[in-house]
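One structure is given below, encoded as structure tokens.
Remember, predicted model here, so these are calculated numbers, not experimental data. The chains referred to below are lettered A, B, ... by the order of the sequence lines, with proteins before strands, and numbering in each begins at 1.
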Amino acid sequence: MKIATWNVNSLKVRLPQVLEWMQANPDVTALCLQETKMDDPVFPHEEISAAGFEVAFAGQKTYNGVAIIARAPIEDVVINLPGFEDPQKRVITATINGVRLVGAYIPNGQDLESDKYQYKLAWLKALLAWLEAQMALFPELALLGDYNIAPEDRDVHDIKKWAGGVLVSPLEREAFQQMQALGLIDAFRLFDQPEKSFSWWDYRGFSFKKNAGLRIDHILMSPRLAARCSACQIDVEPRKHERPSDHTPVIATLD
DNA sequence: ATGGCAGGGCACCCCTGA
């Protein structure tokens with residue numbers, strides 16, 4: 001089975017591409033989506049069901065919104081981070097084929113002086129507590145999503161351009177390292193990867209063409225799940241599509 | 001140094017993203 005994550009930047013616009021991608025990737029058992037930007041009453045669950053998939057979702061108008069599309073039953077769904085009051089819909093946790101999946105859209109933070117950055121740090125702290133609790137219950141767990149963190153300088157096309165801003169700040173990278181300290185493993189770095197591998201490219205300035213991107217979408221795995229992981233790759237194909245999301249999927253293969 | 005592009009809201013200009 002494969003598990004994947006994709007920030008679609010509006011499911012309303014990207015639904016046809018998502019369904020097409022699922023058909024083109026029949027081994028993908030579960031796909032975590034971020035930035036659906038759709039409130040629950042207008043979520044296209046009927047179209048997704050009609051295409052033959054299970055779906056779970058938690059959305060809001062205009063911003064954020066997460067979902068899981070799957071080829072197997074989606075069980076024990078939890079929305080958001082229990083104990084962390086948050087009107088923003090950014091997390092959906094569920095069990096699929098016995099694997100606990102945490103799909104997350106970690107806040108962007110805007111800039112280091114912003115209240116949104118403080119929110120990001122508080123949010124990361126709450127996520128860490130949730131991960132620790134879930135890992136104790138589920139030995140096979142993955143955190144998939146748009147982390148809005150480039151964990152290392154090699155995950156940034158031009159570190160000089162991004163230094164001093166969000167996505168690369170020391171406190172955010174520290175939060176990423178704290179996840180690793182819980183035992184979570186970056187599936188992408190388990191394997192040899194091409195240099196300059198990115199999952200996001202700005203719409204502006206021909207960034208994709210120039211491969212001026214960031215690796216901010218990740219799949220972290222518990223040790224037991226990482227032991228089952230035989231591949232992890234970024235699928236750049238959807239980024240070449242007409243009207244693409246600015247993010248592209250990341251896929252992990254589990255034996 | 002700044003804005004570039006895209007999506008959504010609710011109305012044409014503003015907010016947010018990364």
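Between the P atoms of B/dC14 and B/dG4, the separation comes to 13 Å (whole Å). Here, B/dA18 and B/dG8 have their P atoms 14 Å apart, quoted to the whole Å. Straight-line distance between the P atoms of B/dA1 and B/dA6: roughly 26 Å, to the nearest whole Å. B/dC10 and B/dT16 have their P atoms separated by 14 Å, given to the nearest Å.
We find that CZ of A/R14 is positioned 8 Å from P of B/dG8, with the value rounded to whole Å.
Of all non-hydrogen atoms in A/T93 and A/W130, the two that sit nearest each other are OG1-NE1, 3.1 Å.
Side-chain atoms of A/D146 and A/Q34 include no donor-acceptor pair closer than 3.5 Å. Using modelled atom types, one finds a donor on one side chain and an acceptor on the other under 3.5 Å when comparing A/S230 with A/D255. With hydrogens and angles left out, the side-chain atoms of A/W21 and A/D235 include a donor and acceptor closer than 3.5 Å.
Side-chain N or O atoms of A/Q193 include one that pairs as donor or acceptor with a backbone N or O of A/C232 at under 3.5 Å.
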Using a 4.0 Å cut-off on protein heavy atoms (strictly under), produce a 5'-to-3' string for nucleotides 10-18 of chain B with B for base contact, S for backbone-only sugar-phosphate contact, and - for none.
S-----SBB
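Between A/W162 and A/H157, the two ring planes are perpendicular [angle over 60°; tilted spans 30° to 60°].
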